[in-house]
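Worksheet for the structure shown next.
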Amino acid sequence: MEMTKMNVGALRKALDRREISAVELATYYLDRIAQLDPQLKAFITVPRAEVLQMAAAADRRIATQEDVTALTGIPVAIKDNICTEGIRTTCASRLLADFYPIYDATVVAKLKQAGAVLLGKTNLDEFAMGSTTKESFYGLTRNPWDRQRVAGGSSGGSAVAVAAGMAPLALGSDTGGSIRQPAAFCGVWGLKPTYGRVSRYGLVPYAPSFDQIGPMARSGWDLFLLFRGIAGYDPLDPTSLPASVEAEGDLSGSIRGLRVGLPREFFGAGLDGRIKERVLAVAKVLAEAGCELMELSLPSMAYALPAYYLLAYAEASSSMARYDGVRYGIREGAEQGIVGMMTATRQSLGLEVKRRILLGTYFLSADCYEECYQQAQKVRTWMKQDFAAAYSRCDLLLTPTTAAPAFRIEGEAEDEPVLALTEQYTVAANLTGNPALSFPCGWINHLPVGAQLMGPAGTDELLLRVAAVYTENAPGEAVPERTARDVGEQIEV
Ligand code: GLN
């Protein structure tokens, strides 16, 4: 059985018909990780014994057919900034090298309850601060389609795990594009849910007013199953939305009559012309399926990136205060007194993280508060209004996810403008709190390209439905033809 080619629905059937056991499935993925991951470095921790125990428990559930859910026995990889009880959670930082949480994040508890098998903890930029997965203390993650290129980030490990068939499903986190950008670079699906639909309890905070956990998968349907497994109100998260996830069933319903907006600011200078072509091809397929296309403008986008970074760094400086060697973090320099110890402990943070703490502290200082922080908050409010006005004219927005395909690991400097533009495309959804989905829409020189759909709060399922209709009707060459198996063949082991 070619398990990397099977979607979650097919795996479910095979498990329920006892054609495979959950232990066999987990073993298959563990072996595949052992084979491919030394080169790709998508995982930081793979607790083999615990994985097999969880799989055995799933098999017992399946044997009695009691309490079997869509995810029972299905392996899911977890980004390593999501707390897992008793399993090391490093945030890709040296500082948390021996942090074993004493509780599960709500999303993890939900997956365990559903009988899913937690496969391991995936690589990221330290504390999710970055866009490449190069800023990991545990080594950089490589793009499976070209190992000289970045996987994207910060959920690069989760994207690569799914793309290379080392996991059928993965969780990422998205503060300013960290699920969608690596999903686009690696040719998989990734959803940044509406803020508050997925509990943040147990997600190590970077910028809590933006952070959101979301699913990554190889198809829209798989993504939907994982989303359904993790979404819902959680009293442990004060920002959790009361509405429960009602959507059930099919993603393939008609999308006739939907108005899809193409915002000018996402198709201007700096965008790779070939990506533009691919995204316009998506628009064409949607139009053929009965959608009405319209051009529009979102003037607030000009300020999106500076507002995002200002607010995200400010929040990060406060989120990071807890790593003092007393409550969390490896304790260093204990012999030097309290200040010496805190200083020594915080020295073990990476440069990028330190830079953000310093800048964020400055943005919140009396010197800068009004001019920087408050201005950025005003931009955020304006963006919410600007997008709400757009959504009074159209139902959804279609844009590229990134301005270029995955760039080379070496040579970041020349990619900086492209990276900035890419971040601009993704941060809008975090600033407004609205959902955004990245899905594969073609290839450029053997590298995958992603399109992004955004909508007003609560339209997460609608975005998935529209993208699923595109995928069903897309011309053959647009959908990822190459499979995870090809990745395995391409990598000499
Ligand atoms: N690249 C963005 C940043 O560094 C996004 C990170 C994220 O979404 N976690 O802040």
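Each ligand, and each atom within it, is numbered from 1 in the order the structure gives. A quick note: this is a predicted structure, and the numbers were derived from the prediction, not measured.
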Taking the side chain as every heavy atom from C-beta outward, state whether Phe99 and Cys83 have any atom pair closer than 4.5 Å.
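Yes. Closest side-chain heavy atoms under 4.5 Å.
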
When you compare the side chain of Thr90 with that of Phe137, does any pair of heavy atoms fall below 4.5 Å?
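Phe137 does not reach Thr90 side chain to side chain.
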
Which ligand 1 atoms, with their elements, are less than 4.0 angstrom from a heavy-atom of [X]?
| X | value |
| --- | --- |
| Ser154 | 9 (N) |
| Ser131 | 1 (N) |
| Gly177 | 8 (O) |
| Glu423 | 1 (N), 2 (C) |

A quick test of your reading: do over 12 heavy atoms of other residues, nucleotides or ligands sit less than 6.0 Å from OH of Tyr303?
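Counting neighbours around OH of Tyr303, 12 or fewer heavy atoms of other residues, nucleotides or ligands fall under 6.0 Å, so no.
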
Which segment of [X] sits under 4.0 Å of ligand 1 when only heavy atoms are counted:
| X | result |
| --- | --- |
| Arg356 | side chain |
| Gln181 | neither |
| Ala128 | both |
| Tyr308 | side chain |

Measure from NZ or CZ of Arg380 to the centre of the six-membered ring of Phe210 and say whether it is under 6.0 Å with the direction within 45° of the ring axis.
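Verdict for Phe210: a cation-pi partner in Arg380.
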
Compute the centroid of each ring, for Tyr313 and then for Tyr362, and state whether the two points are separated by less than 6.0 Å.
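Judged by ring-centre distance (under 6.0 Å), Tyr313 and Tyr362 do not meet the cut-off.
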
Ring centre gap for Phe266 and Tyr425 strictly below 6.0 Å:
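Yes - the distance between ring centres of Phe266 and Tyr425 falls below the 6.0 Å cut-off.
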
Are any of the N/O atoms on Lys79, whether in the backbone or the side chain, positioned under 3.5 angstrom from an N/O atom of ligand 1?
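No; every N/O pair is 3.5 Å or more apart.
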
